[in-house]
Amino acid sequence: MSSEPPSMRPLDAVPEMRTTAKWTLAAAAAVGAALIGTSPLAAAGRIHGAGAAVAAYAGLVVGLAGVGWAIWHTAEALIPPLTTPRSLDSDPRLSDLRAQIAGDPAAFYGPFGTSMADVLAAKALHQRVATSLTVMLADEQDSDRKQTLQLKLAEANTAVGAASSRVQTLLELGHAWCIRTQLRRARLHTFVGAALAALGVVIFVTATSTSTATNTPAPAPSVTHTAP
């Protein structure tokens, strides 16, 4: 298998995922604006009594809490995660990625081993070899040995570059995967927030409707006159 990582960069998917998060935030903000817009203010004039006022207030709080819940968790997808070689082995957001890697380590680590630690160790080893060959090449006078050292140095530098590319690709993959995981979680939290917002609207509408019905005077009884 080739030691070069795939040409497709994981970071290419990040802008699209963040665009999705921004659209979700815009939708949640629109719902929040509707909850505190002109309709609730107009309905507030129909509230009579402390009980109805408390119920209407509770409805608005629950509704806005649902909107805030959705915005809070969706905004997490817009915060760039810090991805390091250690986080690839320990970050809970990357647990399913680690499971995929464990199923086919050669597809991710190539010929350098079965873990990020193996890749880093291989990179460090080839860097030391390249450094030693550079020193030897500077002191070598024999043309044949010099040519041999140059070939070995080129091979060592190629291995260092391949290992570095693997590390970079894995870090980018982990970065994109963290955003993907957070965005998928945000969809669930958005659903929960929408349910809370709907509950708040129901509470508010019920409070204002009940208050209006309670304070509406009953119609006067009609009097029927009987002719003598």
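All values below were derived from every heavy atom in this structure, side-chain atoms included, with hydrogens, water molecules and symmetry-related copies excluded. From a predicted model like this one, the values you see are computed outputs, not experimental measurements.
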Report task. Give the cluster check for Val62 versus Tyr57: same hydrophobic cluster or not, with ILVMFWY residues linked at side-chain heavy-atom distances below 4.5 Å. Result -> no
Query raised in the report: So which residues get pulled into Val160's cluster when ILVMFWY side chains under 4.5 Å apart are joined, directly or through others?
Result: none
Query raised in the report: With ILVMFWY side chains joined below 4.5 Å, transitively, what does Leu188's cluster contain besides itself?
Result: none
Donor-acceptor list for residues 63-74 side chains, cut-off 3.5 Å, not counting sequence neighbours:
unit_1: Trp69; atom_1: NE1; unit_2: His189; atom_2: ND1; d: 3.1
unit_1: Thr74; atom_1: OG1; unit_2: Ala70; atom_2: O; d: 2.8

Query raised in the report: Are there more than 12 heavy atoms of other residues, nucleotides or ligands under 6.0 Å from atom CD of Gln147?
Result: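 At most 12 heavy atoms, drawn from other residues, nucleotides or ligands, come within 6.0 Å of this atom.
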Query raised in the report: Does any non-hydrogen side-chain atom of Leu153 lie less than 4.5 Å from one of Leu149?
Result: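 No, too far: nothing below the 4.5 Å cut-off.
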Query - Heavy-atom side-chain contact between Thr169 and Phe108 under 4.5 Å - result: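 No - every pair of side-chain heavy atoms lies 4.5 Å or more apart.
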Nearest 0.5 Å please: distance from the [atom1] atom of [X] over to the [atom2] atom of [Y].
X      : Y      : atom1 : atom2 : value
Leu183 : Cys178 : CG    : SG    : 12.5 Å
Ile203 : Leu60  : CD1   : CG    : 10.0 Å
Ser87  : His175 : OG    : NE2   : 11.0 Å
Arg98  : Ser115 : CZ    : OG    : 13.0 Å
Thr83  : Leu173 : OG1   : CG    : 9.5 Å
Ser165 : Gln168 : OG    : CD    : 8.0 Å

Run the side chain to side chain contact (heavy atoms under 4.5 Å, CB included) test against [X] and tell me which residues pass, sequence neighbours left out.
X      : result
Leu78  : Arg18, Ala21, Lys22, Leu25
Leu120 : Pro85, Met116, Val167
Asp144 : Asp142

Requested in this report: Please list all pairs passing the salt bridge (charged side-chain N to carboxylate O under 4.0 Å, His left out) test where one or both residues lie in residues 173-189, with sequence neighbours left out.
Outcome: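 Only Asp96-Arg180 qualify under salt bridge (charged side-chain N to carboxylate O under 4.0 Å, His left out).
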**Report entry** Residue pairs passing the salt bridge (charged side-chain N to carboxylate O under 4.0 Å, His left out) test where at least one lies in residues 82-93, sequence neighbours excluded
**Finding:** Asp91-Arg93
Query raised in the report: So, does Ser95 use its side chain to make a donor-acceptor pair with the main chain of Pro92 at under 3.5 Å?
Result: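 Side chain of Ser95 to backbone of Pro92, a donor-acceptor pair under 3.5 Å: yes, one is there.
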Requested in this report: Decide yes or no on side-chain contact (heavy atoms from CB on, under 4.5 Å) for Tyr109 and Ile101, but give the supporting numbers first.
Outcome: CA-CA 9 Å; Tyr109 301 120; Ile101 293 176; 3.4 Å; yes
Report task. Name all residues meeting the salt bridge (charged side-chain N to carboxylate O under 4.0 Å, His left out) criterion together with Glu172; count only those two or more places apart in sequence or in a different chain, and write none if there are none. Result -> Arg9
Requested in this report: For the pair Lys123 and Val119, evaluate side-chain contact (heavy atoms from CB on, under 4.5 Å) and give the outcome as yes or no after the intermediate values.
Outcome: CA-CA 6 Å; Lys123 177 184 176 182; Val119 179; 5.6 Å; no
Determine all donor-acceptor pairs shorter than 3.5 Å in which one atom belongs to a side chain in residues 124-139; sequence neighbours excluded.
unit_1: Thr131; atom_1: OG1; unit_2: Gln127; atom_2: O; d: 2.9
unit_1: Ser132; atom_1: OG; unit_2: Arg128; atom_2: O; d: 3.1
unit_1: Thr134; atom_1: OG1; unit_2: Ala130; atom_2: O; d: 2.7

Query raised in the report: Which heavy-atom pair separates Phe112 from Ala162 by the least distance, and what is that distance?
Result: CZ-CB, 3.8 Å
**Report entry** Contacts of Thr24 that satisfy side chain to side chain donor-acceptor pair (under 3.5 Å) - sequence neighbours left out
**Finding:** none
